[in-house]
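Here is how names work: the chains are called A, B, and so on, in the same order as the sequence lines, proteins then strands, and each is numbered from 1.
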Amino acid sequence: MSEVVNASGGGGGGGGGGEVPQNMTIYINNLNEKIKIEELKKSLRAVFSQFGKILEVLAFKTLKHKGQAWVVFEDTTSASNALRQMQGFPFYDKPMRIQYAKTKSDVIAKADGTFVPRERRKRHDDKGKKRKDQHDANLAGMGINPAYAGAYGATPALSQIPYPGGAKSMVPEAPAPPNNILFIQNLPNETTPMMLQMLFLQYSGFKEVRMVETKPGIAFVEYGDEMQSTVAMQALQGFKITPQNPMLITYAKK
DNA sequence: AGCACA
């Protein structure tokens, strides 16, 4: 009788899984602890940005927090899709374990006006409290959203979705004929083969990624046949690992 | 195993 109604719709019924209520942030553990924090965060971004706009990825190397990360989405729908679809996903040879985060992320709290700095959170009965609350409530009521207006205001959520046909403007003059091997360009220099594998593995027929150490920014991705490579190319054309690097995918030259 | 906000 106490079923919680899911405001975002969707969701199927039975949900096994978590006792933690929905959250815009997912908590991931069972991550490979040998991976350096920066690479880990980049790879998480690469794999999760397909579900929606990511506001932040957090991970720490302290003993209490190794092997764990938080990925903050801008809405709970993105977070729940990510949770369902990536549950158990083999990531650096270990299956991800994903739950909703137990508490709201600071970046979200700052955006909705409920953020309370942690240092002040001690035990302080402040008497000027009402005034401040009123002020914050006013801002929130007016729909003023400093975090979004500042850092994210100009970026539509759809920017992460690979353009269906719009990628043509980025396709070079002389396209190579279909090939089961794809040629990827305009990758950020920090891109690793693992990051690409995790993106391209989603499409059937995936065989392998090859990168040339001496030539940063490019890669080759091989599929079983041209049909499969074409599906992957169209799906990931223009995909941005970083905002300034929409990937350019063409068929490799034979 | 482990739920933070460098």
Figure out the CG/P separation between N30(A) and dG2(B), and round it to whole Å. 12 Å
For G217(A) against N189(A), the heavy-atom pair lying closest together: N-OD1, 4.4 Å
Rounded to whole Å, how long is the line connecting atom CG of L44(A) with atom P of dA4(B)? 18 Å
Separation of atom CZ in F115(A) from atom C1' in dC5(B), rounded to whole Å: 8 Å
Rounding to an integer number of Å, can you tell me how far K66(A) NZ sits from dA4(B) P? 17 Å
Before you tell me yes or no, could you show the steps for E190(A) and K42(A) under side-chain contact (heavy atoms from CB on, under 4.5 Å), namely the whole-Å CA-CA distance, both residues' side-chain angles and the distance that decides it to 0.1 Å? CA-CA 9 Å; E190(A) 322 82 55; K42(A) 271 175 192 153; 3.4 Å; yes
By nearest atom, which of the nucleotides dC5(B), dC3(B), dG2(B) is closest to the A101(A) side chain? dC3(B)
Could you work out which one of dA1(B), dA6(B), dC5(B) sits closest to the side chain of S105(A)? dC5(B)
If you look at every strand shown and take non-hydrogen atoms under 4.0 Å, does A109(A) touch a base, only sugar-phosphate, or nothing? nothing
is_close_aromatic(F220(A), F183(A)), centroid dist under 6.0 Å: yes
Rounded to the nearest Å, what distance is computed from the CD atom of residue E56(A) to the C1' atom of nucleotide dA4(B)? 10 Å
For dC3(B) and K64(A) - does any side-chain N or O of the residue sit under 4.0 Å from the phosphate oxygens OP1/OP2? no
Let me know the distance between OH of Y100(A) and P of dA4(B), rounded to the nearest Å. 20 Å
For D112(A) versus A109(A), what's the shortest heavy-atom pair and its separation? OD1-O, 2.9 Å
Where does the angle between the aromatic ring planes of F73(A) and F51(A) fall among parallel (under 30°), tilted (30 to 60°) and perpendicular (over 60°)? perpendicular
Consider the side chain of F60(A), meaning its heavy atoms from C-beta on, and name the nucleotide among dA1(B), dC3(B), dC5(B) that approaches it most closely. dC5(B)
Closest approach to the side chain of Q99(A), judged atom by atom: which nucleotide of dA4(B), dA6(B), dC3(B) is it? dC3(B)
DNA chain B nearest-nucleotide lookup for I37(A) and G67(A): closer to the 5′ end is G67(A)
Rounded to whole Å, please give me the gap between CG in N23(A) and P in dC5(B). 16 Å
Starting at NZ of K36(A) and ending at C1' of dA6(B), how long is that distance when rounded to a whole Å? 19 Å
